[in-house]
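Quick notes on the structure that follows.
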Amino acid sequence: MTLAAGPVPGLSDHQMLVFLLQLSLLIAVATLLGRVAVRLHMPPVVGELASGVLLGPSLFGAVAPGLSGWLLPRDAEQMHLLNAVSQLGVLLLVAITGAHIDLGLLRRKRHTIGLVSVGSVLLPLALGFALGLLLPASLSGGAGGDMTFALFIGVAVAVSALPVIAKTLLDMGLLHRNVGQMIVGSAAVSDIVGWLLLSVVSAMATHGLRTGVIVESVGYLLIVLAATVWVLRPLAARVLPPLQDAQPGLGLSAIVVMILLAAAGTHALGMEPILGAFLCGIVVSSLGASSRRSLDSVRSFVMATLAPLFLAAAGLQVDLTTLARPSVLLAAVLTLAVAIGAKFAGGYLGARAGRLSHTESLAIGAGLNARGLVEIVLASVGLRLGVLNTASYTVIVLVAVVTSVMAPPVLRRTTNRIATTPAELEREREFTAPLVRAG
């Protein structure tokens with residue numbers, strides 16, 4: 001006779017207290033330092049990530065180990081609470097990013113964007129992979145072996161950060177420029193390729209490097225892409241409009257459920273949940289402005305609360321003291337040099353092959369170099385999978401911060417030398433007209 005199961009034990013009073021204090025501290029400090037970064041003409045992601053670094057073992061843990069151990073304990077159950085909330089924020093943020101990819105632009109400028117994308121992805125991927133093979137074994141987390149670690153470094157070097165790039169261009173008044181549109185389109189392709197490659201690396205880390213695993217991963221990717229186009233897109237087009245017409249909140253609920261189910265689907269196939277959320281965001285984008293507005297209704301909350309929380313929590317895993325080891329410091333310098341040089345050269349050569357001018361090509365190479373949030377999400381996945389350890393995780397996050405800081409001034413210097421065309425002036429009027437009417 002089977003006895004009825006008892007009630008599930010809840011969180012202890014201490015766990016709940018610590019969890020609430022952690023949320024309050026991380027969000028408050030991340031928001032404050034994000035504003036400081038903006039005042040210093042840097043992306044907010046820099047300050048938000050720095051908040052976690054300062055509260056982690058690099059400073060707070062070293063200066064006040066007792067208080068740090070009580071408030072931010074290295075306890076799996078306690079950290080899982082933070083990670084669960086952060087994961088929800090990441091899925092929504094990645095979906096919002098996918099929803100703002102201009103598919104029409106990708107189709108119209110497919111030749112030039114294709115050349116830029118090939119150059120800015122393949123060259124960094126190849127050089128990053130070679131670098132990963134040369135880095136000392138002490139930087140590898142061990143999961144999946146040396147080839148998996150090397151491929152992960154290649155992917156980390158190859159990606160760009162569409163959210164940071166788009167916001168940087170918008171803040172600088174460059175989104176209406178032809179070069180700005182090219183950068184956004186190429187970054188979108190880079191993001192798509194990056195998430196697809198991450199899914200392959202994830203399978204390799206989980207099941208090891210075997211031909212069957214790679215073939216299976218590629219097969220699952222093709223199934224996911226086919227299901228997105230022929231199942232998810234038609235289903236969303238049929239279900240979402242009636243719900244949005246009935247009540248705006250219903251449309252948003254349906255979109256969030258769709259994002260979570262898509263993330264669960266890719267995760268069930270051994271791929272990253274982020275891929276499903278990203279593809280779902282692209283589906284939302286393809287359904288038109290009404291669906292994008294529904295998802296954008298949670299954008300402020302995600303950007304102001306969940307994204308800073310994720311970045312601060314990611315920063316807690318960074319230990320700058322590891323850079324005191326000569327091998328780690330040398331690896332950081334080499335990785336940063338390869339990441340910047342390969343992405344810049346790849347973007348520049350691709351733009352020149354697409355018959356853009358020297359100055360425009362310089363601007364594209366500089367704009368695509370910003371890794372920002374995408375690189376940090378990637379690093380967090382690598383740490384969770386065991387492909388990275390604390391030292392290599394710190395190196396990858398350092399690349400994300402440095403490239404995000406250096407992109408705006410280089411962009412400003414190059415675009416100032418590019419003459420504005422009549423088409424760009426017309427596009428600028430189209431961009432600013434809604435703001436003028438709203439004012």
Side-chain angles (χ1 to χ4, degrees), residues 11 15-37 43-62 64 67-97 141 156 161 163-164 263 272-274 277 301-322 371-401 404:
L11 292 175
Q15 286 178 315
M16 179 58 73
L17 174 63
V18 171
F19 176 59
L20 295 175
L21 291 176
Q22 286 175 336
L23 291 179
S24 303
L25 178 66
L26 292 177
I27 293 173
V29 177
T31 302
L32 175 63
L33 294 187
R35 295 302 93 201
V36 172
V45 63
V46 175
E48 292 163 352
L49 180 66
S51 66
V53 176
L54 295 177
L55 292 171
S58 302
L59 182 64
F60 186 43
L67 181 58
S68 173
W70 184 86
L71 186 57
L72 298 165
R74 310 298 292 180
D75 176 72
E77 290 186 7
Q78 197 74 54
M79 292 304 295
H80 287 166
L81 291 173
L82 270 182
N83 291 337
V85 178
S86 299
Q87 186 69 15
L88 175 62
V90 169
L91 293 177
L92 291 176
L93 183 64
V94 169
I96 290 170
T97 301
V164 173
E272 281 303 308
I274 292 169
F301 175 71
V302 171
M303 295 300 293
T305 304
L306 295 181
L309 175 63
F310 164 74
L311 290 167
L316 291 175
Q317 307 293 333
V318 174
D319 188 357
L320 295 179
T321 61
T322 60
R371 267 79 169 187
L373 183 64
V374 171
E375 185 90 319
I376 295 165
V377 173
L378 194 75
S380 299
V381 171
L383 188 65
R384 176 174 58 79
L385 291 173
V387 178
L388 302 181
N389 56 24
T390 301
S392 51
Y393 174 82
T394 300
V395 169
I396 299 298
V397 170
L398 188 65
V399 170
V401 173
S404 297

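- The shortest non-hydrogen separation linking S380 to A314 is OG-CB, 4.0 Å.
- Between L309 and L23 there is a side-chain heavy-atom pair separated by less than 4.5 Å.
- E77 and Q15 form a side-chain donor-acceptor contact under 3.5 Å, judged by distance and modelled atom types alone.
- The side chain to side chain donor-acceptor pair (under 3.5 Å) test applied to T305 returns no partner, not counting sequence neighbours.
- Of the candidates L311, V381, V377, V90 forms a side chain to side chain contact (heavy atoms under 4.5 Å, CB included) with just one, namely V377.
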Carefully, step by step, assess W70 and L21 under the rule side chain to side chain contact (heavy atoms under 4.5 Å, CB included). CA-CA 11 Å; W70 184 86; L21 291 176; 3.8 Å; yes
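- When all heavy atoms of A30 and A312 are compared, the closest pair comes out as CB-CB, 4.1 Å.
- In this structure, T31 contributes its side chain and I27 its backbone to a donor-acceptor pair below 3.5 Å.
- Heavy-atom minimum distance, S24 versus L20: OG-O, 2.9 Å.
- Under the 4.5 Å side-chain criterion, counting only non-hydrogen atoms from C-beta, L26 is in contact with L316.
- Among all heavy-atom pairs drawn from L378 and A156, the shortest one is CD2-CA, 3.3 Å.
- Looking at heavy atoms from C-beta onward, L72 lies in side-chain contact with L55 at the 4.5 angstrom threshold.
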Stepwise side chain to side chain contact (heavy atoms under 4.5 Å, CB included) test for V397 and E375: CA-CA 7 Å; V397 170; E375 185 90 319; over 6 Å; no
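- Of the possible polar contacts, none joining the S392 side chain to the L388 backbone as a donor-acceptor pair under 3.5 Å is found.
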Before you tell me yes or no, could you show the steps for L81 and V18 under side chain to side chain contact (heavy atoms under 4.5 Å, CB included), namely the whole-Å CA-CA distance, both residues' side-chain angles and the distance that decides it to 0.1 Å? CA-CA 10 Å; L81 291 173; V18 171; over 6 Å; no
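- For the side chain to side chain contact (heavy atoms under 4.5 Å, CB included) with Q87, the qualifying choice from V85, N83, L91 is L91, the only one to do so.
- Taking the side chain as every heavy atom from C-beta outward, M79 and Q317 approach each other to under 4.5 Å.
- For E48 (side chain) and A307 (main-chain N/O), no donor-acceptor pair under 3.5 Å exists by modelled atom type.
- Residues that satisfy the side chain to side chain contact (heavy atoms under 4.5 Å, CB included) test with L320, not counting sequence neighbours, are V53, S58, V318, L323, T394.
- Scored by the side chain to side chain donor-acceptor pair (under 3.5 Å) test, D319 finds T321 as partners (sequence neighbours excluded).
- F310 places a side-chain heavy atom less than 4.5 Å from the side chain of I376.
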With side chain to side chain contact (heavy atoms under 4.5 Å, CB included) as the criterion, how do L93 and M303 come out once you've worked through the C-alpha distance, each side chain's angles and the decisive distance to 0.1 Å? CA-CA 8 Å; L93 183 64; M303 295 300 293; 3.2 Å; yes
